[in-house]
Every structure is written in structure tokens, then in C-alpha cells.
Number of protein chains: 2
Amino acid sequence: MPQTKVVSLEKLKTACKNCGLAKLCLPLGLENNDIERLDAIVQRNRPLHRGNHIFQTGSRFGSIYVVKSGTIKSYTQCPNGTEQVVGFHLPGEVVGLDGIETGKHICSAKALETTAVCEVPFSRLEELTATVPGLQHQMFRLMSKEISKETGLMVLLGKSTAEERLAAFLLSLSVRFHSYGFSSTEFNLSMSRREIGSYLGLALETVSRLFTHFQEERILEVDRKHIKILEVDRLFQLLSDQNGCLERLQHPHNTETPGQ
Amino acid sequence: MPQTKVVSLEKLKTACKNCGLAKLCLPLGLENNDIERLDAIVQRNRPLHRGNHIFQTGSRFGSIYVVKSGTIKSYTQCPNGTEQVVGFHLPGEVVGLDGIETGKHICSAKALETTAVCEVPFSRLEELTATVPGLQHQMFRLMSKEISKETGLMVLLGKSTAEERLAAFLLSLSVRFHSYGFSSTEFNLSMSRREIGSYLGLALETVSRLFTHFQEERILEVDRKHIKILEVDRLFQLLSDQNGCLERLQHPHNTETPGQ
DNA sequence: CGCGTTTTTGAAACCGGTCAAACTCGGTGG
DNA sequence: CCACCGAGTTTGACCGGTTTCAAAAACGCG
């Protein structure tokens, strides 16, 4: 392997720190200048405060966003006032793909805590994906992953009990935190019980009861927003008993290299 | 407008008849030879019989498929034997996008009746999307639509009652049949009560009861697989009462031209 | 015609939702 | 410094929609 490859990887790591989207390029070994070109179109906005919106339902779609730190909640507002959470986005994850089809966002996205995002203007990204073939493939993969993730959630919401849903949710968070370099067993929930419930199709009281139940069972230690997972295996058991198919669908983060 | 444009549209219609994917190009006005190139990579396989698989869970991903006629069901098999339906695909709709990310399909797809599909080898499609910029955008739109559709279903499964789910399902079928040139008020269900229930997260008995209930209410006429919608408005009412947000999410088939 | 599959219908059990009240915590202002 | 307030959470009791179990009926197919 020539020296340029090493330099390229070094560049990549820097770019990766700047913007989670660059992670996409890693399996691909893009050329030096390609990475710079990707990096160049990324806009780094100032951090969002709790409650700030990235975009709202119906607003014009122009960019996709990569979470650098913090948490983004995407949700829809029903006419009767209640909101329905459709996703939580952790560092490294992408928000806003829903708007591509119609040119308008079909849901709103707001920060649950102080959050930094990278804005990637979509038209400029498309120019780039057209000229960098590997990048196009990565975009397809990214969107395919989003589809798989939602399919998994569908299965969860369609078949599972409240217990299974919360277990799956906690494991999903655990896996995702881990893959982004945080602890997989101890973390803070940035969302409320109500928001978890909305996401999982449960009443907030049910979520609360389940947390205390898991604590009584010594599966978790719960202190308000702080979660410590004591027995991951028992959480997994709760899923695999009924819905083994979830493991496949729910955790698309065991990213193996494609076509290999 | 020059003559070539007219010829182009003529070609398009032919291509459209051959393969639903070509529909994607319509809003774009692709050049003559571009359409031919798209058309050239499409493989037309012989019709599938009821029960035949297009692909199965874990099999290598190589192509996406466009339904020409009939119905495809995509589903996952849980280890305890029960299956979970994750989608029904009508003529004009695409199957197999889930496999792009990992290179393996995460669900199985089989024909519910005699069904014809076009096979589009993905690597060749990618070559084409890289050289035909408009086609790339259409692919992004297609995948974005898939994401929106699943988001809508998530909301449906998370919040709604059994009645609302079946109403949404019937309306979704109605809209889709209509947009593909069939009657929007009278059609045959190619799937069983059990499959509908699995898809909507309900027991098959519940689905059956709801059909008789809708019939008693004179909203539907049901004769086994044959459905006649008597009062579309009342079906819509069932949704809008609680979940007005579904209208936006559930029916991404009101395709307006993007960015306009 | 007879068999198996699908659908319908009934009755009982249960999970989770709803309503209501108590409690905790963080923040604010007297 | 503490009393107060409101949002978020916990806990309890009750209710209702769905599931489950069971059996009969309808239909499709050989």
C-alpha cells in the first residue's frame, strides 16, 4: 500500500471528526481530494439549544443533517394537539431523508438537549455523488439502512408486548451509543417518559411502570434519566423469546462490509 | 418544443408499459437514449406463481424488482415459526431496497397470486444512475418515499386502534389501486385475513370482526376477498378523528412534482 | 362429495390505557 | 434559606379493546 493511502486515512479521521457523514466513506477508501470535496460542502452551524428546530413539517427540504453531538427528536404533530415521535437521532446518525421525495419535510425535528449538527445541502451532495461513484453507493446504503431500521421498528410495534418494546429500545440505544464510542451499559436518556412512550406506542405510565419493573428484576438501575444496564443478556432474552427476527432488523449497526 | 420531445414521450410510454421503473423518469424528461439504456438493463422474467419467492431472508442482494402485475408480500420468519408481514407490493411498486445496505436481504418476498416482476440488476442500475444525473435523483426520491411510507406505518401501528388501522389499510389500497389505473372502490384482496392482521399488528379474528362491522355499518360490502367501498368519506373520518397526521404520511402517492 | 384451509362467531381472560392522586426534583422569588 | 410552583414521574384502581381459546361455518380444491 502506497504512502498516499495512509495520508488519506489520516485525512479521513479528521473529516470524520468534523462530520459524521464522512464515516460513510471509510469502507470505500475515497481519494484524498474526494474527501476534501465532501468536507467542503458541509456547513457547520452553531449548536442548537434544547427545543430549537432544525426543520418543521411542511418546510422546504434543502439539506440533510448529521448529528455531531446531542440528540435530535423527529416527530409529527397531530391536529388534536398530541405529538407522535417517529425517531431519535444520536451522534453519527442522519436526519431529514424524509424530505427528498416531495421537496417538503413530512415531520419536524428538534433538539432534545444542546446539540450540534452538520448541514449537508442536498443539491450539492447530489452533484458530488454523481461524480464520485463510491459516494453514490454509500448514499444508497445509508437510505437502505434507514428503510431496514424502520422495517424493524414496524415489526416491533406490530407484534411485541410493552416489555419487549422497551427492552428493544434500550438495547438499540446501547448498541448505538457503543458504536459511537460511548458506554453501552450506562447512559443518560435525553428524552422523557412521554416521548419514549410515544415512540414505542405506549402510554407514559406504562413506560414508567416498566422501568421500575426492570429495576425490581435487577435488569436495570434507573435513577430518573440515568440508566445502568446490569444484565444485557436478560434484555436480549426478552426479545429472542418471541421475536428473534428483531435482532436482525432492529440493529443494523453490526455493519459488515457489503458484498463480502 | 422540438419533435424529439414527442418521440421521447412515446418511447417513454412504451418503456413504462414494459417496466414500472420507467415511471420514475416521466417527470424528468430523460433523453431518448437514456430511456433505452434504462430499458436495456431490465430483465423480464417469466411470471411467478402463487407462493414463488423472488428472494429469501439472507440471500445475496443483487437486484431490485418492480411489480408489473399481481401482488408481492414481503415478510420475515420468526424463529418460533410465525411470520410477520412487512409489506404488500402492488403493480408499479418496488421490492428489495432493504438489501442494499448489507448486501443481503433482511426479509423474504413471495407472490400472493400470479405475479409478473421486472428485475433490475442493482450494480448496472448504479452505473446508469452515475451517468444519468436525473435518474440518480429519482432513485433518491424513490428511497425517500419508501422511508416516508414506513414512517407513516409506524405512526399507524404505534397509536391507532384496530378500526383505524384497517380503515387506513383499505384507503391505502384504494389510493394505490386508483393511481395504477384500477378501480378505487372495488377490488379483490390477494392476501388472507391472517396476513392483513400480521401487517397491521392485529389478530386475524380482529380483522374478520372489523370487516363484518364495517359491513353492518354500510361502509363496505364484503364478499370474502372481494371488497366494495360504499362510503370512502366515513373511512377517512375514522382516521382524521384521531390521527390527522396519517393522511400526510400514509399516502405518499399524491406525487406532486418535486421542488415546485 | 369430502377434506383441509380460511373465515366467522362466541365467550373469557388479560394487557395496557385512562383517570386520578401523590411524589420528586429543579428552579424562582420572596 | 426556604416556601412555592410546575413539569415530569411514580403508583394505584378501574375499565375497555384485543387477544386468546374454542368451535362452527363457509369456501376451494382434488
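Remember, predicted model here, so these are calculated numbers, not experimental data. In what follows, chains carry the letters A, B, and so on, assigned in the order in which the sequence lines appear, proteins first and then strands, with residues in each chain numbered from 1.
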With rounding to the nearest 0.5 angstrom, report the CG to OG distance, A:Leu97 to B:Ser144.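 Those atoms lie 7.0 Å apart.
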Do the charged groups of [X] and [Y] touch, with an N to O distance under 4.0 Å?
X: A:Glu164; Y: A:Lys159; answer: no
X: A:Glu150; Y: B:Lys149; answer: no
X: B:Glu231; Y: B:Arg218; answer: no

So, B:Thr71 and B:Glu113: side-chain donor and acceptor under 3.5 Å apart, yes or no?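 Present: a donor and an acceptor within the cut-off.
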What I want to check is whether the side chains of B:Ser63 and B:Glu119 have a donor and an acceptor closer together than 3.5 Å.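 Their side chains do contain a donor-acceptor pair, which is all the 3.5 Å distance test asks for.
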Is any side-chain heavy atom of B:Lys73 closer than 4.5 Å to a side-chain heavy atom of B:Val85?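 B:Lys73 reaches B:Val85 side chain to side chain.
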Within a strict 4.5 Å, meaning less than it, do heavy atoms of the B:Leu220 and B:Ile227 side chains meet? yes
Please find the earliest and latest nucleotides of DNA chain D, in the 5' to 3' direction, that have an atom within less than 4.0 Å of any heavy atom of chain B.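 Range of nucleotides touched by chain B: D:dT18 to D:dC27.
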Can you check whether B:Phe182 and B:Phe187 have ring centres sitting under 6.0 Å from each other?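 No, the ring of B:Phe182 stays outside the 6.0 Å limit from the ring of B:Phe187, centre to centre.
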B:Tyr199 ring center near B:Phe88 ring center (under 6.0 Å):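 Here the rings of B:Phe88 and B:Tyr199 have centres that are less than 6.0 Å from each other.
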Where along nucleotides 4-18 of chain C does protein come under 4.0 Å, by heavy atom, of base (B) or sugar-phosphate alone (S), with - for untouched nucleotides? ---SBBBB----SSB
Bend angle of the helix from C:dC1-D:dG30 to C:dG30-D:dC1, end axes from five pairs each (to 10°): 30°
